[in-house]
Each structure stands twice: as structure tokens, then as C-alpha cells.
Amino acid sequence: MAAQRVAGEVPKGTKQTSRVRVAVRLRPYMEKQDEKSEGPCVRGLDSQSLEIINWRNATETLHYQFDAFHDEQTTQQEVFLCSVKPILPHILKGQNASVFAYGPTGAGKTHTMLGSQEQPGVIPRAVREVFNLVKAKGKEDDSWDYSIGMSYLEIYNEKVLDLLCPSAHDLPIREDKDRNILIPGLTYTALNSFSDFHTQFLPASLNRTTASTKLNQRSSRSHAILLIKVVRTQQTTPHRQQTGKLYLVDLAGSEDNRRTGNKGIRLKESGAINLSLFTLSKVVDALSAGGGAGRVPYRDSKLTRLLQDSLGGSAHSVMITNIAPEYTYYFDTYTALNFAAKSKQVVNKPFVRETVTVPPVQVKRSREEQEATGSDEP
Ligand code: ADP
Ligand code: MG
């Protein structure tokens, strides 16, 4: 029998973990993304908060707080250590976990999850760590055998597609009697080492990138989902078996496609993306509000249905919201922050545009005027 976690099972003395931990990562300012040379409109304040200009009143900033804030200087290693590494030991104990990169296209989701050869992201680091943890566990306690494997899939237009064995087949999502979510027919590959993973995953992820440039930036319209499974089996009777799942997800872009004037097929794609992302935001909200209280709408989209046993409940979930500092991204950043924030506060002070060359005299005068009028008012 697969001894899986029991929904709602929380060890005594530990906090209910159904809330999704939210981290925000600000990517570095890029001049070429800033057509009007306006400088950044977002900046970090400390390891948990940032501020952004208030679009309703540019003399005010909006102050947001999260579980963690990673500024533009944060390295790939630091993001991994702070937001991902702590949850990995749980999957060796038969628990589930998920890590998502959320945010508009161009804000750094793929950089965060996949990274590059020089700056590997969360995916290669997490997989390497899982192998290290399993190796260490084997040394300290040899009563269990461990095996590691992976699947790689994509949700595109509300269709579930196998990326290890590409075809146009939409795979079904099922639930077994123990409430585990599974996808019959999805390729599952055993992994013996990290280099095994490298060999299997890299070509598949490159496939996806190449296809994306041909098919209307498919990568910004689909959710890429890597599943790493750790199965452990007791060596002696009753040979108990436990499965821990880790989902590593590069979500579709959260930008509002209505503003980009998409038509026809593009509009259909956007609609489908919005359904999964919109449902994800409802699920995260419901979980943050205390989970059990209201209905968590997992069944309303493919993405949330697939993640049902690995998001909320006794699973360990982290959402890394990626944002970009340029004004071009302002409204998408604002929406993403409102989704991610634990709290928001209007701060009544002008935003200091540190990287703008020379502050125009006019701006300076208007600030002085404001201060003068502001202090005279009752
Ligand atoms: P997304 O996947 O959200 O569309 P990307 O990860 O492709 O965004 O990032 C867009 C561009 O910004 C890429 O060229 C990427 O290398 C760069 N980039 C993103 N985040 C960072 C970062 N933290 N440091 C350096 N470059 C970054
Ligand atoms: Mg991307």
C-alpha cells in the first residue's frame, strides 16, 4: 500500500502549512526595456518589502510586504537557499512540494527556474540537492531504499502535453482513492544521477524554447511543469512505500493580454492561460485565507487540478513572483504585486529615482510646493 500523507495531518506542535509562502524577485533594470529613459519605478527596501510609485498619485509610493524579497543583486544561489532548499527534505518523507515562478513575460521566470549554464536556476539546483539528500539519508539510515524519477509536461490551451514524448495528445488528470493526483500515460523516467537528469531534461527544455519562437511565443503562453518524484521503500516487511512529489513550475506570463490587442487564436490562448492563472490566484488566496474555511477551487482549471495534492493542505509551496523595474511593465507589476502581497500600505512620500540622470528643475520645484502646501494644511 502506498503510505501517502493524510490530508490535514499535521504533527503536534507544528503550524498548519497550507499557506503558500510568497517571495518576490526584482530583476535588474535594463536600459533597453526603458524606451523613455524614465528609470526604475520599483525599488527594494529590505529583505521583505519594496515600494512602487502610485500610479494614481506619482508623489506617493505603495509599500508592499512579502515573506521574502530578493532584490536585483540577489544571486541564483541566494534565491535557492532562501526560498527553495528548506522545503526539499520533506519530499524524502513522502510529502509533496511545489515551487512556481509567477510574473509577466520578460520579468525573469525562466531565469529563476532554469537559469543558464553560467547561472543555473532553481531547477538544476533543486534536483542536485535531492540527489545529495538521498545519498546522505542512505548513509544515516539504510532501512529504506530510495528511487528518483521525473516527468516533464506542459499545460497549453488547457491541454496537458508530455514534453518527454512530444505529441499533440491531451492527457487526462485523475485522482486515486488516496486522493493522489496522477496522469495515466505520462512518461516517467527513472534517474540514477544528476548527470542522468541533465541528459534527459536539457534536450526537452530546449525543444520547448525552440518551439516557442515559432509558435507565437508559446513559452510565454504555457505552463512548463517538471515533476521530480522520490519513492522510498522499506527494506523489511511490510515494505511500506512512500512517494514524495516536487513540482517545479515556470508559469505562463501573467501580463494582461487584453491590452496587447490579441485576436482570434491568440485571444483563445490568452483566455485559456487566464483561466489557469486566474484559478491559481483564487486557490492561493483561498489557502492564504485559512484553507479549510471556504472551498478551494482546484477543479476549476487543469493547472490547479494537477497541483491539488501538492499545493496547500500538508504540502509545502513557494511562489516566486518575478517583477521588472521599468515603467513599461508598470501595470503588470502592480497586478502581480497585488496578487503576491501579504500587505500593502500607501506611503506618502516621493519616490527617489536614484538612477535617473538629472532631476528636472520643474520636479524639484513642485516637490517644494507640495511640502509647503502639505505642512500648511490642517
Ligand atoms: P520570463 O521567463 O519571465 O519571460 P526571462 O527569464 O526570459 O523572463 O528573463 C528576461 C530577460 O532578463 C532574460 O534575458 C534574462 O536572462 C534576464 N534576466 C531575468 N532575471 C534576471 C536576473 N535576476 N539577473 C540577470 N538577468 C536576468
Ligand atoms: Mg520564460
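Side-chain atoms are counted along with the backbone in the values below, which use heavy atoms only and exclude waters and symmetry mates. Both ligands and their constituent atoms are indexed starting at 1 by order of listing.
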Query - Side chain, backbone, both or neither: the part of Q119 lying under 4.0 Å from ligand 1 by heavy atom - result: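 The answer is neither; Q119 stays 4.0 Å or more away.
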Query raised in the report: With backbone taken as N, CA, C and O and side chain as the heavy atoms from C-beta onward, which portion of R25 lies under 4.0 Å from ligand 1: side chain, backbone, both, or neither?
Result: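 Side chain only.
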Requested in this report: Can you spot which of F197, F201, Y188 makes a ring-ring contact (aromatic ring centres under 6.0 Å, His included) with Y152?
Outcome: F201
Requested in this report: Tell me, please, whether Y327 has K36 positioned over its six-membered ring: NZ or CZ under 6.0 Å from the ring centre and within 45 degrees of its axis?
Outcome: no
Report task. Establish, for the pair R27 and Y329, whether the NZ or CZ atom is under 6.0 angstrom from the six-membered ring centre and no further than 45 degrees off its axis. Result ->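 Because its charged atom sits under 6.0 Å from the ring centre and within 45° of the axis, R27 does stack over Y329.
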[atom]: the protein heavy-atom neighbour that sits closest, reported with distance to 0.1 Å:
atom	answer
atom 15 (C) of ligand 1	H111 CB, 4.3 Å
atom 7 (O) of ligand 1	T110 CB, 4.3 Å
atom 8 (O) of ligand 1	G108 N, 3.0 Å
atom 24 (N) of ligand 1	P28 CD, 3.4 Å
atom 18 (N) of ligand 1	M30 CE, 3.9 Å
atom 4 (O) of ligand 1	G106 N, 2.7 Å

Query - Polar side-chain atom of D332 near backbone of E255 as donor-acceptor pair, under 3.5 Å - result: no
Query - Heavy-atom donor-acceptor pair, E175 side chain to N180 backbone, under 3.5 Å - result: no
Query raised in the report: Does the protein put any heavy atom within less than 4.0 Å of atom 1 (P) of ligand 1?
Result: yes
Query raised in the report: Within 4.0 Å of atom 13 (C) of ligand 1 (strictly less), any protein heavy atom?
Result: no
Query raised in the report: Would K302 and D170 satisfy salt bridge (Lys or Arg N to Asp or Glu O under 4.0 Å), going step by step from the backbone distance to the final call?
Result: CA-CA 11 Å; K302 292 284 173 76; D170 179 17; 3.7 Å; yes
Measuring from non-hydrogen atoms of [X] to any atom of ligand 1, is the shortest distance under 4.0 Å?
X	answer
G103	no
Q76	no
T105	yes

Query raised in the report: N/O/S atom of T110 under 2.8 Å from the Mg ion (ligand 2), yes or no?
Result: yes
**Report entry** Atoms in ligand 1 flagged as close to P104, the criterion being non-hydrogen separation under 4.0 Å
**Finding:**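 Answer, ordered by atom number: 3 (O).
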Query raised in the report: Which ligand 1 atoms does K109 reach within 4.0 Å, using its non-hydrogen atoms?
Result: 1 (P), 2 (O), 3 (O), 4 (O), 6 (O), 8 (O)
Report task. Starting from the C-alpha separation in whole Å, work towards a yes-or-no answer on salt bridge (Lys or Arg N to Asp or Glu O under 4.0 Å) for E154 and R221. Result -> CA-CA 10 Å; E154 177 178 57; R221 292 161 188 282; over 6 Å; no
Query raised in the report: Side chains of Y247 and N96: is there a donor and an acceptor less than 3.5 Å apart?
Result: no
Query raised in the report: So, do F339 and Y102 have ring centers that fall under 6.0 Å from each other?
Result: yes
Report task. Return the set of residues passing salt bridge (charged side-chain N to carboxylate O under 4.0 Å, His left out) with E129 (not counting sequence neighbours), or none when no residue passes. Result ->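 So E129 forms no salt bridge (charged side-chain N to carboxylate O under 4.0 Å, His left out) with any residue.
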